[in-house]
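The model shown is predicted, which means the values in this text are computed figures rather than measured ones. Each chain gets a letter, A, B and so on, in the order the sequences are listed, and its residues count up from 1.
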Amino acid sequence: MSGFPILNLMLLVPLVGAVACLKAGREQARMIALVTTLVDLVLGALLWANFDTGGAQWQFTERANLFAGFQWALGIDGIALLLIALTVFLMPICIGASWNSIEKRAGEYYAAFLLMETLMIGVFAAQDLFLFYIMFEAGLIPMYLIIGIWGGADRIYASYKFFLYTLLGSVLMLIAMFWMVNAAGTTDIPTLMQYNFPPHAQTWLFLAFFASFAVKMPMWPVHTWLPDAHVQAPTAGSVILAGVLLKMGGYGFIRFSLPMFPEASAQFAPLVWGLSMAAVVITSLIALVQHDMKKLIAYSSVAHMAIVTIGLFAFNTQGLEGSMLIMLSHGLVAGALFLGVGVIYDRLHTREIDRYGGLAINMPYFALFFLLFTMASIGLPGTSGFVGEFLSLMGVYQESSWVALVCTTGIILGAAYMLYLYRRVVFGEQKNADAAAMPDLDAREWAMMVPLGLVTLWMGVYPESFLAPMRKDIALLEARVAVAAPKGDAQVKKGAAKPAAEHEAAHGEAH
Amino acid sequence: MSSILFIVFLPLAAAIIAGLGNKKLGFVPSKVVTTGALFISCALSWTIFLSFLNGSAEATVVPVLQWVKSGDLDFAWALRVDTLTAVMLVVITSVSALVHLYSWGYMSEEPDQPRFFAYLSLFTFAMLMLVTADNLVQMFFGWEGVGLASYLLIGFWFRKPSANAAAMKAFVVNRVGDLGFMMGIFGVFLVFGTVSIPTILHTAPQVLNGSTIGFLGHRFDTATVLCILLFIGAMGKSAQLGLHTWLPDAMEGPTPVSALIHAATMVTAGVFMVCRLSPLFETSPTALAFVTFIGAATCFFAATVGTTQTDIKRVIAYSTCSQLGYMFFAAGVGAYGAAMFHLFTHAFFKALLFLGAGSVIHAMHHEQDMRYYGGLRKHIPLTYWAMMAGTLAITGVGIVDVAGFAGFYSKDAILEAAYAKGTELSHFAFFMGIFAALLTSFYSWRLVFLTFFGKPRWEQSEHIQHAVHDAHGHGHDDHGHDHAHGHDDHGHHDAHSDGTAGYHPHESPANMLVPLGILSLGAVAAGFVFHGAFVSEGTGEFWKGALVFNEHLIHAMHGVPDWVKWAPFAVMATGLLIAWYGYIKNTRFPAAFVDQFGFLYRFLLNKWYFDELYHFIFVRPAMALGRVFWKVGDQGIIDRFGPNGAAWVVAKGSKAAVKLQSGYLYSYALVMLVGLVGAISWVIAR
């Protein structure tokens, strides 16, 4: 498939679809959107099938000089491949989730979604610094629109918050990018990843990028936009927000902060660890007392993303690969959980946990899927949630036992808030007649849940499929950051070899 | 030995078929599939066990699938079979098969039967994955898998708030232990560079010899840190003191579940783990001392609480907790063979006691309070004899050097080992164990006397009154939807003065009695038949290195003074006498005792106030902190001085919120545009 501009095509297809949607009515628009996203899904599958695992670092590269040194430069490594795959996988499901629930200005709605798909794929495929920047920032505009126009009652406030947080970070990042291009003399991302910036410059470059990525992630304490955005967004908006947009922060750390500023990353690792530890504990506790389903899952997302950041800043293979797997898994699982909430929201039009109860009685298959995703969310082995979490925490344990201990409490708190949610929504008596009358999943909802469920299990049982494509890229990254990585606190010391007799005596005592 | 693949995966396949097929598949097919799969697994397991028993089998590992490979970390799905696994295989599959069969009768009125059987089979699969694990992560998979199944089964009657609360509590408390387990695995990988169990055990003595590790800012002995972390996991799963609070509540689940999961198999996973990793634990005397102490303390604590409970299932639950304590201090003093032996015999007699209790509950129309039992011996004689067999086994009835019931061999082996070990701590464990044996005898016989002897006290029971009223045609059944129904064909119409309220308990159907019979056989004979293999001198042959088998200790066990050998018998007889005096001879004695020692009674009745304490120091603060972080932290500080503060500034310049919204977009686009223009001009001007 060399020479075939598959990445360009993957960007172009949704863009064409978006334009077509703009003028179409509701029924046509959603059909166009579905077909378009499915075509992109097929292209994504082709991309993965033709990706040479263990081959060149950058594949499917496409370059065109636009003007004055700016390049239309695309290309992917294993990391980008996986995130693109996640994007194209979730998009048809988002369209499916919007199928009946979006009534006003449907054409524009689907156009916004398709535009966002183009921009998201663009973020992961961009190999030019400014191209990345444009995609990265512009990708958020359709999201503002989706929240601001098709959102809930408080959508204005939510989209405003979303905007305000992201604005500050992106301005700083842009300034830092100018400085970098000036210093390195290139906008080419692969080159910049090899470039050694002077350590003192790394410090503030890191902070400028950090301002942007920490907000996107989101890390505590710049996370408060997320619960509001999720609560107000329509179901599909939440799915794509949790599924892909949150991953841009993590992708940013992997692609920019760690390889470009390794010394500064090591220097600021304690800051990242501290914020992540705070996030795990604080946002988990907050999730415990929520009354709104979406808010609860949104807060849980912050806690999960904190495990991503500690894995990234563990500077070792397990941590980095674990973080990538959490991102993929969280994309599926949080997406699926929001989808599940959407399924019952479409029926009862409320997100109040207390309005539900006993859904296992009238919606048994919904209960089954919701259980699967709940268990994946709390990291049950055998589901996708476990592998990433386990690797990340194992990675950070090699750096600091304190960080590992505090972050591992997330498995207790996570179980508490998710099972508490499940208990109130699915178990118990049927409290309200309208909730008790809700029908179980229909064919459309089955079609959305089954693929998510299967991939969740697949990633849990045989994660090798997802680890293999990125193995080489993570190894390269690890080699680059390992030099500066702080020493762990374990410092295992072999005992001064005791005389054999003494050893025997110690044993004999036990006999 | 590829039959292990069938043993492990048949129950999984059955669970999937019954679970997804559910009501579309129908009751009988789903029950046949699951029960059939379990009986096949059981037969294959016994084949393996017998081949280990006659020494013809060798430890093998059957690889299944690559799991995770990340840098130096590499582990796969694989099934390991050695003697230790073989013992667990027969315990798990036998009890599980019998519980499946028993549930045909016990759950026969249940509208959700396929779901129940699917959960049971799923549990069995997870438990088998646990005991066949060749690496720590697969063990953790099984560990969490059984936790999931336990959660689902405790909460099987999901309409009941108490069942839901108990299910959640079980999962969350277990997760506290899992935190230790996970940290232990992390530590093991850090130190050994692998999570493969054979490699760890093989290299542990060299790697850990005198090694120290930094942990939470201090330096400790490496082996101690690793073992204690892993043991915290075992404490959670095996309900040891401190992390035991979930087990009594777990009795909310259907009784067959209590027999399978919360008595015979899952709760013994912690003991299995310590035995499996025994070469690792042997490297840390400190960790072993900790294991001994926790085991002894639990065995004492749970036995004291067991003496005051009135719910028949809770008595047996505390009894389980206490017996697990015995197994742990056996492991702690180095008698891993004895620990496994007690695990083995306990599985049979405790499953028997639970299933027998289920048969009583079935006969008594869901009444679980022993205060409302009495005189059942004549009404349900087969259940009575089964319970007797279980009680004789758990109290350890037997004559030294002659013969006895199952518990006699295994419990005495543990006590003798604790004495023979000869350290202060092991003597502490010995005396705790002896005292707990006294209490065990007391509460077990108390259970039997309250249930089967004396006069019926049924008329005070609401459940019985419901049953009688239902039979009379007035009143309605408002509790029965979540229970298997008992017998509603009661004919008597007169008021009765004999305490029966006109209720006639019926013996359980054959599909419940057959498992009781088979387990009774185990309770009577398992000790006699197998003690030679498990705990005699020279049985290192049987274990073949699957656990640390300390020949010196076994030798010393035989040399303990006679009073040590006879002490268990003496306390067993004493406990029986006290129970006989208090519950048959002079039935006013317990009340008088309670009057005199009210404080002690309330302390025990309220389970040492652990639940209250935990609620006060963990649950309430967690909720309160959550609210503070949310309302004060997120909304009061971050939002107020962050976006809302900015909004206030922005809003000053603009009145209409709607305009604002579009305003953001324009300003955002503007910033981007300015930035891009800047970028372009810079590139061009360069």
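- Of the inter-residue distances, the one linking B:M182 atom CE with A:T408 atom OG1 reads 6.0 Å to the nearest 0.5 angstrom.
- Here CE of A:M470 is found 7.5 Å from OG of B:S70. Values are rounded to the nearest 0.5 Å.
- Between A:L368 and B:L20, some side-chain heavy-atom pair lies under the 4.5 Å cut-off.
- Contact detail for B:W67 and A:G382: the closest heavy-atom pair is CZ2-N, 4.5 Å.
- Under the 4.5 Å side-chain criterion, counting only non-hydrogen atoms from C-beta, B:F158 is in contact with A:I361.
- The shortest distance between side-chain heavy atoms of B:F189 and A:Q398 falls below 4.5 Å.
- In this structure, B:W630 and A:L285 have side chains that are not in contact, with every pair of non-hydrogen atoms separated by 4.5 Å or more.
- In plain terms, the two heavy atoms of B:G71 and A:Q318 that are nearest each other are CA-NE2, 4.1 Å.
- In this structure, CD1 on A:I411 lies 5.5 Å from CG on B:L179, to the nearest 0.5 angstrom.
- Heavy atoms closer than 4.5 Å to chain B are found in the side chain of A:E321, but not in its backbone.
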- side chain to side chain donor-acceptor pair (under 3.5 Å) assessment of B:D634 paired with A:Y299: CA-CA 11 Å; B:D634 272 21; A:Y299 273 111; 2.6 Å; yes

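- Neither the backbone nor the side chain of B:N174 comes within contact range of chain A; no heavy atoms are under 4.5 Å apart.
- Aromatic pair B:F141/A:F386: centroids not less than 6.0 angstrom apart.
- Contacts between A:W225 and chain B at a heavy-atom distance below 4.5 Å are absent for every atom of the residue.
- Of all heavy-atom pairs between A:W402 and B:G217, the closest is NE1-N, 4.0 Å.
- When heavy atoms are compared at a cutoff of 4.5 Å, B:W77 approaches chain A solely by way of its side chain, counted from C-beta outward.
- The residue among B:N164, B:L190, B:I213 with the most heavy atom pairs within less than 4.5 Å of chain A is B:N164.
- For a residue to count as touching a neighbouring chain, one of its non-hydrogen atoms must lie under 4.5 Å from one of that chain's; by this rule B:A165 touches chain A with backbone and side chain alike.
- Between B:V172 and A:A416, the shortest heavy-atom distance links the atoms CG2-CA, 3.9 Å.
- Residues B:Y151 and A:Y422 have side chains in contact (heavy-atom distance under 4.5 Å, counting atoms from C-beta outward).
- Taking CG of B:D72 as the reference point, atom OG1 of A:T317 lies at 7.0 Å (rounded to 0.5 Å).
- Chain A forms the most heavy-atom pairs under 4.5 Å with one residue out of B:V137, B:L625, B:V191, B:V628, and that residue is B:V137.
- With contacts defined as side-chain heavy-atom distances shorter than 4.5 Å, the pair B:K69/A:R471 qualifies.
- Two residues are said to be in side-chain contact when any heavy atoms from C-beta on lie closer than 4.5 Å; B:R219 and A:K493 meet this criterion.
- Proximity to chain B (any heavy atom under 4.5 Å) is shown, for A:V461, by both the backbone and the side chain.
- With a 4.5 angstrom heavy-atom cutoff, B:V173 does not touch chain A via any of its atoms.
- In this structure, chain B has heavy atoms under 4.5 Å from both the backbone and the side chain of A:M394.
- For chain B, the nearby part of A:L467 is the side chain; its heavy atoms alone come within less than 4.5 Å.
- Heavy-atom distances place both the backbone and the side chain of A:T409 under 4.5 Å from chain B.
- Residue A:L393 touches chain B through both its backbone and its side chain, counting heavy-atom pairs closer than 4.5 Å.
- When every heavy atom of B:K24 is checked against every heavy atom of A:Y365, the shortest pair comes out as NZ-OH, 3.4 Å.
- Of the atoms belonging to B:L65, it is side-chain heavy atoms, and not backbone ones, that fall under 4.5 Å from chain A.
- Between the CZ atom in B:R627 and the CD1 atom in A:I286 there is a gap of 12.0 Å [rounded to 0.5 Å].
- With chain B as the partner, the residue from A:G460, A:G395, A:S401 showing the most heavy-atom pairs under 4.5 Å is A:S401.
- In this structure the side chain of A:V492 reaches within 4.5 angstrom of the side chain of B:S211, judged on heavy atoms.
- Using a 30° and 60° split on the angle between ring planes, B:F75 and A:F390 fall in the perpendicular class, above 60°.
- Note that CD1 of A:I282 and CZ of B:F629 are 4.5 Å apart. Values are rounded to the nearest 0.5 Å.
- For chain B, the option among A:L413, A:L288, A:L391, A:L405 with the highest count of heavy-atom pairs below 4.5 Å is A:L405.
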